[in-house]
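Just so you know, ligand 1 is whichever comes first in the structure, and atom 1 is the first atom listed for that ligand.
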Amino acid sequence: MVHTRRSVRKYDPNKPLDPEKVRQCIELATLAPNSSNMQLWEFYHICEEDKLKKLSEYCFNQNAASSAQQMVIMVVRKDLWRRRVKSQINYLKSIYGEKPTKEYSKRAKFAFTYYGKVIPFSYADFLGIFGYVRFTLYWLIGLFKPIYRQGRNSDMRIVAHKSLALAAQTFMLAMTNINYDTCPMEGIDTLRIKKLLHLPYGAEINMVVSCGIRLPEGVYGDRFRVPFDEVYKNI
Ligand SMILES: Cc1cc2nc3c(=O)[nH]c(=O)nc-3n(C[C@H](O)[C@H](O)[C@H](O)COP(=O)(O)O)c2cc1C
């Protein structure tokens with residue numbers, strides 16, 4: 001599957017995709033590993049012709065976009081962290097029951113503290129100021145022991161984008177598994193796409209993945225990778 005997946009730049013116009021099958025691949029993408037299981041993502045599945053046309057324009061009409069049968073927009077929703085914390089706490093209550101804190105097991109107590117205190121401490125921000133306070137605090141503690149360093153708002157944005165990139169890859173591999181092809185794209189106008197989707201200020205476009213079935217000329221040659229020895233370090 002890993003060998004079969006290629007970035008495809010020209011899809012067969014005579015081979016449409018079943019939107020339901022693509023939807024199922026998006027559902028599989030939500031099973032990707034993600035930071036603190038916060039699931040700070042949304043997936044916008046575009047199938048309508050007029051929307052695809054508009055979206056292709058916002059992907060600069062590059063080949064992978066202009067011939068796409070469907071597209072999926074990967075959207076980071078770091079701004080939904082409070083909602084996700086609520087979902088996590090509700091889930092914890094559903095498995096551990098609602099009772100006084102002292103009656104919970106050690107593991108349950110840890111989970112409630114993690115989502116009730118640690119996560120809000122990590123995600124809360126006001127104009128980037130809390131982020132720098134966290135960053136400085138972590139740095140000071142880090143003088144004495146190993147410590148998590150991702151304190152600033154920009155660090156937390158990377159955290160969220162990292163997880164969504166794993167979901168995007170999971171989606172693309174799920175598509176490969178059913179002989180559907182894809183191409184991830186970051187050569188896009190993220191601001192216009194945000195407007196097209198009526199997304200709020202805090203949402204961010206991670207990438208657009210075009211979908212279709214490859215034409216032979218849609219794969220631009222053999223794969224090129226730098227020698228493995230250059231990137232593999234066994235220490
Ligand atoms: C984050 C990301 C952004 C990419 N953006 C584009 C893009 O805008 N247009 C494009 O044609 N390919 C894009 N690609 C595809 C890469 O060029 C491609 O993955 C790389 O050349 C390796 O080829 P392969 O995917 O066939 O192994 C992108 C890939 C990634 C991971």
*For ligand 1, note which part of R225 has a heavy atom under 4.0 Å away: side chain, backbone, both or neither.*
side chain
*Closest protein heavy atom to atom 21 (O) of ligand 1, given as residue, atom name and distance to 0.1 Å*: R9 NH2, 4.2 Å
*asked:* Quick test: of every protein heavy atom, which one is nearest to atom 18 (C) of ligand 1, and how far off is it to 0.1 Å?
replied: S7 OG, 3.4 Å
*At a 4.0 Å threshold, what atoms of ligand 1 neighbour a non-hydrogen atom of G187?*
8 (O)
_Using side chain to side chain contact (heavy atoms under 4.5 Å, CB included), reason through T30 and F43 one step at a time and then give a plain yes or no._
CA-CA 9 Å; T30 67; F43 306 86; 3.7 Å; yes
_Just to confirm my output: which protein heavy-atom neighbour is closest to atom 13 (C) of ligand 1, and how far is it?_
P184 O, 3.0 Å
*Could any protein non-hydrogen atom be found less than 4.0 Å from atom 6 (C) of ligand 1?*
yes
*Taking heavy atoms and a distance under 4.0 Å, where does C183 meet ligand 1: side chain, backbone, both or neither?*
side chain
*If you count the atoms of ligand 1 from 1 in the order shown, which ones are under 4.0 Å from a heavy atom of Q62?*
7 (C), 8 (O), 9 (N), 10 (C), 11 (O)
_According to side-chain hydrogen bond (donor to acceptor under 3.5 Å, both in side chains), who are the partners of Q88, at least two apart in sequence or on a separate chain?_
none
*With a cut-off of under 6.0 Å to the ring centre and 45° to the axis, is K194 in cation-pi contact with Y201?*
yes
*Looking at side-chain heavy atoms only, is the closest gap between F171 and C211 below 4.5 Å?*
yes
Atom pairs and distances, donor-acceptor, side-chain atoms in residues 106-115, under 3.5 Å, two or more places apart:
unit_1, atom_1, unit_2, atom_2, d
T113, OG1, K109, O, 2.8
Y114, OH, S36, OG, 2.6
Y115, OH, S36, O, 2.5

*What do you reckon, does M207 have a nitrogen or oxygen under 3.5 Å from a nitrogen or oxygen of ligand 1?*
no
*R6 side chain vs R214 backbone, donor-acceptor pair below 3.5 Å*: no
*Only heavy atoms count here, so choose which of M172, H3, R223, E186 is nearest to atom 3 (C) of ligand 1.*
E186
*Under 4.0 Å to a heavy atom of R5 - the qualifying atoms of ligand 1, by number*: 24 (P), 25 (O), 27 (O)
_Donor-acceptor contact present, side-chain S210 to main-chain A64, <3.5 Å_ = yes
_Using modelled atom types and a 3.5 Å cut-off, is there a donor and acceptor pairing between side-chain atoms of T190 and backbone atoms of I205?_
no
